[in-house]
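Everything on this sheet refers to the single structure shown next.
Quick note: numbers below take in every heavy atom, side chains included, and nothing from hydrogens, waters or symmetry partners.
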Amino acid sequence: MALKVCIRDYPSVPREKAAFERLRSVRDSPVVQKCLDSFMVEGVEGAVHECFVLNPLSISLAICSQMMKKWDLVLFRQTALKVLEALKFLHTEAKLIHCGESLSFVIK
């Protein structure tokens, strides 16, 4: 499992909750994570943080880049296609727009 901990005052927490809720109502996709559960945890100074439990998709692009040192054209194309597939799924199936930094907006 993957655990995403959102700091208490992070401005996108309500949008992320809404996006995860929207994703629950659409079919599964191998390129988009769904939230399996969520809970709150109290920090050391009494602040409450929202936590999301997710299925991990695979290694992150940052780790992949560190391991590969140099990307070949075939790997880059395959990775770019998966990213575009995920964005297409979010837009057409879930009616969400990914805006980077995990911000999602619902398309009305």
Hydrophobic cluster of Met40, others only, ordered by chain and residue number, side-chain cut-off 4.5 Å
Val48

Qualifying residues under salt bridge (Lys or Arg N to Asp or Glu O under 4.0 Å), relative to Lys88, sequence neighbours excluded:
none

Would you call [X] and [Y] a side-chain contact if the rule is heavy atoms closer than 4.5 Å?
{"X": "Glu16", "Y": "Lys4", "result": "yes"}
{"X": "Leu87", "Y": "Ile97", "result": "no"}
{"X": "Met1", "Y": "Asn55", "result": "yes"}
{"X": "Val26", "Y": "Val32", "result": "no"}
{"X": "Phe89", "Y": "Arg27", "result": "yes"}

Of all heavy-atom pairs between Pro56 and Ala2, which one has the smallest distance, and what is that distance?
CD-N, 3.9 Å

Test side-chain contact (heavy atoms from CB on, under 4.5 Å) applied to Val74 - qualifying residues, sequence neighbours left out:
Asp72, Gln78

Those residues that, when tested against Leu81, pass side-chain contact (heavy atoms from CB on, under 4.5 Å) (two or more places apart)
none

Please determine whether the number of non-hydrogen atoms from other residues, nucleotides or ligands lying under 6.0 Å from atom CG of Leu3 exceeds 12.
yes

Can you name the residues that form a side-chain hydrogen bond (donor to acceptor under 3.5 Å, both in side chains) with Arg24, not counting sequence neighbours?
Glu21

Output the distance between atom CD (Glu93) and atom CG (Leu23), rounded to the nearest 0.5 Å.
10.5 Å

Would you say Leu36 and Val5 are hydrophobically clustered, going by side-chain heavy atoms of ILVMFWY under 4.5 Å?
yes

Could you list all the side-chain hydrogen bond (donor to acceptor under 3.5 Å, both in side chains) pairs where at least one residue sits in residues 29-49, not counting sequence neighbours?
Asp28-Lys34

Applied to residues 76-85, the salt bridge (Lys or Arg N to Asp or Glu O under 4.0 Å) test, sequence neighbours excluded, yields Lys82-Glu85

By ring-ring contact (aromatic ring centres under 6.0 Å, His included), Phe52 pairs with (sequence neighbours left out) Phe20

